[in-house]
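One structure is given below, encoded as structure tokens.
Indexing begins at 1, ligand by ligand and atom by atom, following the structure's order.
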Amino acid sequence: MHAQTLVAAWIASVLGLAAALDIDVSSQDSVCQAANVIQSGEWNYYTGTRYGGTVGMFDGYYWWSAGQSFAGLIDYYTFCDSGNDTLKQLIYDGVYHQRGENDDYMPSNQSMTEGNDDQGMWGITLMEAVERNFTNPPDHSWLSMAQAVFNTMSGRWDPDSCGGGLRWQIFSYNSGYDYKNSISSGCLFNVGARIARYLGPTSNYTKNYTDTCDKVWRWMEDVGFFQLNQSAIWDGAKIHHNCSLNETTFLRWSYTYGVYMAGAAYLYNLTNDQTWHSRSKQILDAGLGYFKDGNGTMQETTCAPRGWCNDDQRSFRALWSRSLHQTMVLIPEFEDDIRPYIERSARGAVSSCNGGTDGITCGTDWSKGSWDGVFGLGEQQSALEVVLAVLAGRVPDPLTANTGGVSESVPDAGITSNQTVNRNAIAVHTKDKAGAGFITALVSILLLGASAWMLF
Ligand SMILES: *[C@@H]1O[C@H](CO)[C@@H](O)[C@H](O)[C@H]1NC(C)=O
Ligand SMILES: *[C@@H]1O[C@H](CO)[C@@H](O)[C@H](O)[C@H]1NC(C)=O
Ligand SMILES: *[C@@H]1O[C@H](CO)[C@@H](O)[C@H](O)[C@H]1NC(C)=O
Ligand SMILES: *[C@@H]1O[C@H](CO)[C@@H](O)[C@H](O)[C@H]1NC(C)=O
Ligand SMILES: *[C@@H]1O[C@H](CO)[C@@H](O)[C@H](O)[C@H]1NC(C)=O
Ligand SMILES: *[C@@H]1O[C@H](CO)[C@@H](O)[C@H](O)[C@H]1NC(C)=O
Ligand SMILES: *[C@@H]1O[C@H](CO)[C@@H](O)[C@H](O)[C@H]1NC(C)=O
Ligand SMILES: *[C@@H]1O[C@H](CO)[C@@H](O)[C@H](O)[C@H]1NC(C)=O
Ligand SMILES: *[C@@H]1O[C@H](CO)[C@@H](O)[C@H](O)[C@H]1NC(C)=O
Ligand SMILES: *[C@@H]1O[C@H](CO)[C@@H](O)[C@H](O)[C@H]1NC(C)=O
Ligand SMILES: *[C@@H]1O[C@H](CO)[C@@H](O)[C@H](O)[C@H]1NC(C)=O
């Protein structure tokens, strides 16, 4: 949106020209109508259907955000609009087109920005496609590509510092290569848990995934990023001093809680092991306590109250909401804790969606009762997914191979590709390095500019 349009929108909103939306959480039609409006706003950012645009990309947003968008859109399609072949084709094309040369979601032209968490987010989206029986590509099933993501990420597990874990970045020339973070290992954990549950307890390969999940969990405890007795999952730490506490970034993000909480719920659902039940509950309680505002409405508490959430952070509630949906379905006795929070937040989110020139743009503060002037892909993603989470229990549960899922398993997918074990192995040329530094600087300047502008 241009500044002029924003001003016009702001005036319209002050004058109350756009009526506030509301939903009846007991009615699937009402929820789906709201979801329909919100997802149509999400497509406004899509460049894949524009002249000169790239299929699968969203205007001005990082590549991982596109991946995250499609997960919510797959759910929207499945729950609310499954007869719409135009919508199905748009989603299918977007996800498939970005798979990269080796079908492992590492397209070479994203290597300047792609970290382990970015690849992992696409892996999470692939598992959404698998569990929702979204039409598979004939040559590469969604599951096989999720397995390629899992295998390439697993190959980068790095015991040389901090006792293990994944580095934030994949490529040594990207800034953040010297940092280990909870979300990168959390994506590996979540994707592994979901593949394991999908294959089921009798598959010969299930243990390959659950062993990795055990390893990730143990490492998160050992390195101190899990401090669940203080309700905390910290962001990460620099490797220089072995991820010691004095190098730790003490910030909490809702999507990190989401991937671990839901991953533990998948593992409990697979194994019936009480340990996973109580781990999932511990994170649930921690997250419900922290990610809410004074009205009990969902909030990205680390940045939102002071208004410094960037584009990425403004989308985190999308995955947190989807994870809550999964958790209450996989561990039904958690529903009583989760549902009131989801319903309150969904109604708040919908009431924020009366902004912009179109009168249906969503905002970021869900307690305000109307649009707060903030807009972006993250606002649409988060509002869409919290609304869809209301439908938990009324829409099909995530499928497994034993309950009608048809995505083909290829356990060694990605293992033979060149990008598997690439810790330090990918050649870095001086020219690329300079280029990467420049792009990082440029992106930072743009982000700073954008957030300063958001604050106005
Ligand atoms: C199907 O989805 C497309 C793309 O989102 C949309 O333009 C169209 O209006 C939808 N069709 C119906 C019948 O809802
Ligand atoms: C990146 O590569 C894909 C093919 O993997 C291509 O379609 C796309 O146009 C390229 N450029 C961008 C900006 O994504
Ligand atoms: C699982 O492993 C056993 C023993 O190695 C083998 O006999 C069986 O065929 C395998 N099953 C599948 C589905 O691969
Ligand atoms: C590095 O940290 C890991 C995890 O906390 C620990 O297991 C290991 O002993 C530490 N190594 C050194 C040399 O401090
Ligand atoms: C929390 O648990 C960690 C070990 O995981 C321990 O070192 C720390 O002292 C505990 N903190 C509190 C407040 O109990
Ligand atoms: C953290 O502790 C290590 C020693 O364990 C020390 O070398 C390092 O300088 C400390 N870092 C900071 C930021 O204080
Ligand atoms: C709680 O909701 C009311 C009514 O929507 C609003 O005026 C108030 O600012 C909210 N409080 C917080 C802490 O968000
Ligand atoms: C596992 O998940 C299913 C939903 O797919 C649910 O019906 C079932 O109760 C769950 N099992 C356990 C042990 O919680
Ligand atoms: C999944 O999709 C396939 C067709 O692609 C279909 O045969 C199968 O019945 C579907 N499963 C469920 C549970 O809907
Ligand atoms: C699965 O685990 C077994 C036993 O550790 C190992 O031999 C095999 O290579 C693994 N397979 C894959 C596809 O990771
Ligand atoms: C893998 O690497 C080899 C040698 O470095 C190269 O010839 C080949 O084209 C690469 N394959 C892919 C799929 O990138």
### Message
Polar contacts were defined as any N/O atom of the residue lying under 3.5 Å from an N/O atom of the ligand; does this apply to Leu330 and ligand 8?
### Response
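There is such a contact, yes.
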### Message
Regarding ligand 8, does Glu333 bring an N or O atom to under 3.5 Å of one of the ligand's N or O atoms?
### Response
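Not met; the criterion fails.
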Which of the atoms in ligand 8, numbered in the order shown and given with their element, are less than 4.0 Å from a heavy-atom of [X]?
X	value
Asn269	1 (C), 2 (O), 3 (C), 8 (C), 10 (C), 11 (N), 12 (C), 14 (O)
Asp397	4 (C), 5 (O)
Pro332	9 (O), 14 (O)
Tyr268	13 (C), 14 (O)
Asn272	13 (C)
Arg197	5 (O)

### Query
So, Glu379 and Arg314, do they make that salt bridge, N to O below 4.0 Å?
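Here Glu379 pairs with Arg314 in a salt bridge, since their nearest N and O are under 4.0 Å apart.
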### Query
Does the side chain of Arg322 reach to within under 4.5 Å of the side chain of Leu319, using non-hydrogen atoms?
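A side-chain contact under 4.5 Å exists here.
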### Heavy atoms from other residues, nucleotides or ligands near CZ of Arg252 exceed 12 (cutoff 6.0 Å)
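Check passes, neighbour count above 12.
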#### Entry: Tyr179: side-chain hydrogen bond (donor to acceptor under 3.5 Å, both in side chains) partners, not counting sequence neighbours
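Testing Tyr179 for side-chain hydrogen bond (donor to acceptor under 3.5 Å, both in side chains), a comparison that skips the adjacent residues, returns Asp235, Thr249.
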Can you produce the list of protein nitrogen or oxygen atoms under 3.5 Å from a nitrogen or oxygen of ligand 1, alongside each distance?
from     : atom 1 : to    : atom 2 : distance (Å)
ligand 1 : 2 (O)  : Asn84 : OD1    : 3.3
ligand 1 : 2 (O)  : Asn84 : ND2    : 2.4
ligand 1 : 11 (N) : Asn84 : ND2    : 2.9

### Query
Of all the atoms in ligand 2, which lie at a distance below 4.0 Å from a heavy atom belonging to Asn109?
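Taking each heavy atom of Asn109 in turn, ligand 2 has 1 (C), 2 (O), 3 (C), 8 (C), 10 (C), 11 (N), 12 (C), 14 (O) under 4.0 Å.
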### Message
Check whether Arg317 reaches the backbone of Met298 with its side chain - one donor and one acceptor, N or O, closer than 3.5 Å.
### Response
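Checked: pair present.
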### Task
Take every heavy atom of Gln326, measure it against each atom of ligand 8, and state whether any distance is under 4.0 Å.
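The answer is no, since Gln326 has no heavy atom less than 4.0 Å from ligand 8.
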#### Entry: Pair Glu101, Ser108: side-chain N/O donor-acceptor within cut-off below 3.5 Å
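Side chains of Glu101 and Ser108: pair found under 3.5 Å.
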### Message
Enumerate the disulfide bond (SG atoms under 2.5 Å apart) contacts for residues 21-92, please, sequence neighbours excluded, ordered by first and then second residue.
### Response
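Found Cys32-Cys80.
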### Query
Hey, which of Trp253, Tyr257, Tyr255 is the one that makes ring-ring contact (aromatic ring centres under 6.0 Å, His included) with Phe291?
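It is Tyr257; the other options fail the test.
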### Query
Is the Lys NZ or Arg CZ of Arg50 less than 6.0 Å from the centre of Tyr46's six-membered ring, within 45° of the axis?
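That pair does not qualify as a cation-pi contact.
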### Query
Hey, does His97 sit under 4.0 Å from ligand 2 if you only count heavy atoms?
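The answer is yes: ligand 2 sits under 4.0 Å from a heavy atom of His97.
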### Message
Please report whether the ring centroid of Tyr105 lies less than 6.0 Å from that of Trp64.
### Response
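No.
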#### Entry: ring-ring contact (aromatic ring centres under 6.0 Å, His included) contacts touching residues 381-416 (sequence neighbours left out)
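For residues 381-416: none.
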